[in-house]
There are 2 protein chains.
Amino acid sequence: MDDVREEFQVLDDYLTKHGLKHSKQRVVVLGHFLDTSGHMTVDDLFRVIRRKHPRIGRTTIYRALKVFVDAQLAEAIELRDGLTRFEHKFLHAHHDHMICTECGTILEFLSPEIERLQDEIAEAYGFAIESHRHQMFGRCQKCTRSRSRSRKKAVGR
Amino acid sequence: MDDVREEFQVLDDYLTKHGLKHSKQRVVVLGHFLDTSGHMTVDDLFRVIRRKHPRIGRTTIYRALKVFVDAQLAEAIELRDGLTRFEHKFLHAHHDHMICTECGTILEFLSPEIERLQDEIAEAYGFAIESHRHQMFGRCQKCTRSRSRSRKKAVGR
DNA sequence: CTACATGCAAAATCTTTGCACCCCG
DNA sequence: CGGGGTGCAAAGATTTTGCATGTAG
């Protein structure tokens with residue numbers, strides 16, 4: 001709570017506004033969430049946090065992330081491994097993903113042109129978009145180059 | 001096996017080619033899979049099949065669908081409810097989806113222009129696309145109209 | 001006959017819930 | 001104090017796996 005980053009203020013405001021409590025755990029989880037890559041699973045985060053805060057349970061992380069999603073600080077994304085990952089949403093514009101099925105690397109991209117076409121299509125169908133996701137699966141540049149010596153660590157099930 | 005649809009021939013060829021067996025169950029599962037909407041979960045299919053073939057277990061359906069996916073007769077898609085759904089792939093061109101979060105309706109769309117832009121983006125990143133999915137979540141025309149009397153049957157978790 | 005297929009039950013995973021206890025406001 | 005929060009364990013839900021048995025080729 002000695003951390004005065006603006007993000008914490010956002011959480012603070014959200015909690016107050018919704019009559020929720022400002023617990024120590026939530027601040028810890030938010031701090032670690034913001035300090036990590038931004039494509040973490042609950043378990044990734046749990047393992048990181050456990051090192052410094054062994055008393056914080058998985059359940060709390062699940063619940064904290066839900067609060068963050070509601071507070072627009074995080075966004076849940078799903079790739080193809082059955083796990084939910086959480087992205088930073090605060091001050092992080094919308095984008096979509098390219099996921100390397102070889103090494104798991106996640107590249108972000110944004111195409112205003114695609115977004116526009118998407119809106120046109122939805123409109124043609126009378127469909128009111130609330131959210132979308134556009135994911136490409138394949139090999140990143142690095143893994144395409146080293147195709148021969150396949151380092152197995154695929155993301156798929 | 002008195003069904004001589006071309007799709008069965010494709011499965012037949014695939015099984016033979018891969019040294020797999022042409023079991024009665026696989027034909028039954030394929031028949032029902034092809035007769036249904038094409039966005040079925042394993043359980044949807046299981047419940048339909050169970051009525052006529054109570055001896056066929058869930059496991060067999062899981063395994064049969066895996067064979068169909070390998071045989072390019074089906075494709076696994078995931079929306080946002082944690083379930084894997086299976087689409088008809090045979091003679092069914094690639095397309096993407098709009099999913100109504102109100103009534104669960106799935107609309108299909110295809111935009112060659114988006115596909116082209118997508119390829120350009122991937123190329124710029126040196127990313128070799130193997131597959132992709134582009135999903136929009138929101139309200140279909142029908143549910144947008146009847147927004148007031150909300151018929152709760154959402155797809156989301 | 002041999003190898004793959006099946007079906008049941010058990011295991012594996014990820015996530016949610018029940019509940020007693022804790023603590024913020 | 002009171003209502004939300006936490007943590008543990010148990011429950012849920014979906015999918016996979018082990019194993020004995022069945023059957024296609």
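Bear in mind the structure is a predicted one, so any value in this text is a computation, not a measurement. A, B, ... follow the sequence lines: proteins, then strands. Residue 1 opens every chain.
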**OP:** Provide the full list of side-chain hydrogen bond (donor to acceptor under 3.5 Å, both in side chains) pairs with a residue in residues 61-70 of chain A, sequence neighbours left out, each pair given once.
**Re:** none
**OP:** Report yes or no: does A:His95 contribute a side-chain atom to a donor-acceptor pair with the main-chain N or O of A:Ala93 at less than 3.5 Å?
**Re:** yes
Original post:
Once you round it to whole Å, what is the distance between P of D:dA24 and CG of B:Leu11?
Top reply: 15 Å
Original post:
Near DNA chain C, which residues from residues 37-56 of chain B have a heavy atom under 4.0 Å away?
Top reply: B:Arg55, B:Ile56
Original post:
For residues 39-57 of chain B, which residue pairs qualify under side-chain hydrogen bond (donor to acceptor under 3.5 Å, both in side chains), counting only residues two or more places apart or in two chains?
Top reply: B:His39-B:Glu87, B:His39-B:Glu108, B:Thr41-B:Asp44, B:Asp43-B:Arg47, B:Asp43-B:Arg58, B:Asp44-B:Arg47
**OP:** Taking the side chain as every heavy atom from C-beta outward, state whether A:Tyr125 and A:Ile121 have any pair of such atoms under 4.5 Å apart.
**Re:** yes
Subject >> Of residues 60-68 of chain B, the positions that come close to DNA chain C - non-hydrogen atoms, cut-off under 4.0 Å >> reply: B:Thr60, B:Arg63
Original post:
So which nucleotide from C:dA3, D:dG25, D:dT14 ends up closest to the side chain of B:Leu83?
Top reply: D:dT14
**OP:** Specify the separation, in whole Å, of atom CD of B:Glu78 and atom P of C:dC14.
**Re:** 14 Å
**OP:** State whether A:Gln25 places a side-chain N or O below 4.0 Å from either non-bridging phosphate oxygen (OP1 or OP2) of D:dG7.
**Re:** yes
**OP:** Could you tell me whether the side chain of A:His22 and the main chain of A:Asp13 form a donor-acceptor pair under 3.5 Å?
**Re:** no
**OP:** Run through B:Val42, B:Ile61, B:Thr36 and flag the one making a side chain to side chain contact (heavy atoms under 4.5 Å, CB included) with B:Phe86.
**Re:** B:Val42
**OP:** Report the distance from atom NZ of A:Lys24 to atom P of C:dC24, rounded to the nearest whole Å.
**Re:** 10 Å
Original post:
Any idea which of D:dG3, D:dG25, C:dA5 is nearest the B:Leu20 side chain?
Top reply: C:dA5
**OP:** Rounded to the nearest angstrom, tell me the gap between atom NZ in A:Lys21 and atom P in D:dG4.
**Re:** 7 Å
**OP:** Specify the closest pair of heavy atoms between A:Thr144 and B:Gly126, including all atoms of both residues, with the distance to one decimal.
**Re:** OG1-O, 4.2 Å
Original post:
Hey, what bend do you get for the helix from C:dC1-D:dG25 to C:dG25-D:dC1 if you fit axes on five pairs at each end, rounded to 10°?
Top reply: 30°
**OP:** Nearest-nucleotide wise, let me know which of B:Arg58 and A:Thr59 is further upstream toward the 5' end of DNA chain C.
**Re:** B:Arg58
Subject >> ring pair (Phe, Tyr, Trp, His ring centres under 6.0 Å) partner of B:His94, the single match among B:His134, B:His132, B:His88 >> reply: B:His132
Subject >> Rounded distance (Å) that lies between atom C1' of D:dG3 and atom NE2 of A:His22 >> reply: 18 Å
**OP:** Please report the C-alpha distance between B:Lys89 and B:Phe68 in whole Å, then the side-chain angles of each, then the deciding distance to 0.1 Å, and finally whether the side chain to side chain contact (heavy atoms under 4.5 Å, CB included) criterion is met.
**Re:** CA-CA 9 Å; B:Lys89 198 169 177 190; B:Phe68 301 165; over 6 Å; no
Original post:
Once you round it to whole Å, what is the distance between C1' of C:dC14 and CG of A:Asp81?
Top reply: 11 Å
**OP:** Please check if the side chain of B:Arg80 supplies one atom and the backbone of B:Thr101 the other of a donor-acceptor pair under 3.5 Å.
**Re:** no
Original post:
How would you list, by chain and number, every residue that makes a side-chain contact (heavy atoms from CB on, under 4.5 Å) with B:Gln25, sequence neighbours excluded?
Top reply: B:Ser23, B:Ile56, B:Thr60
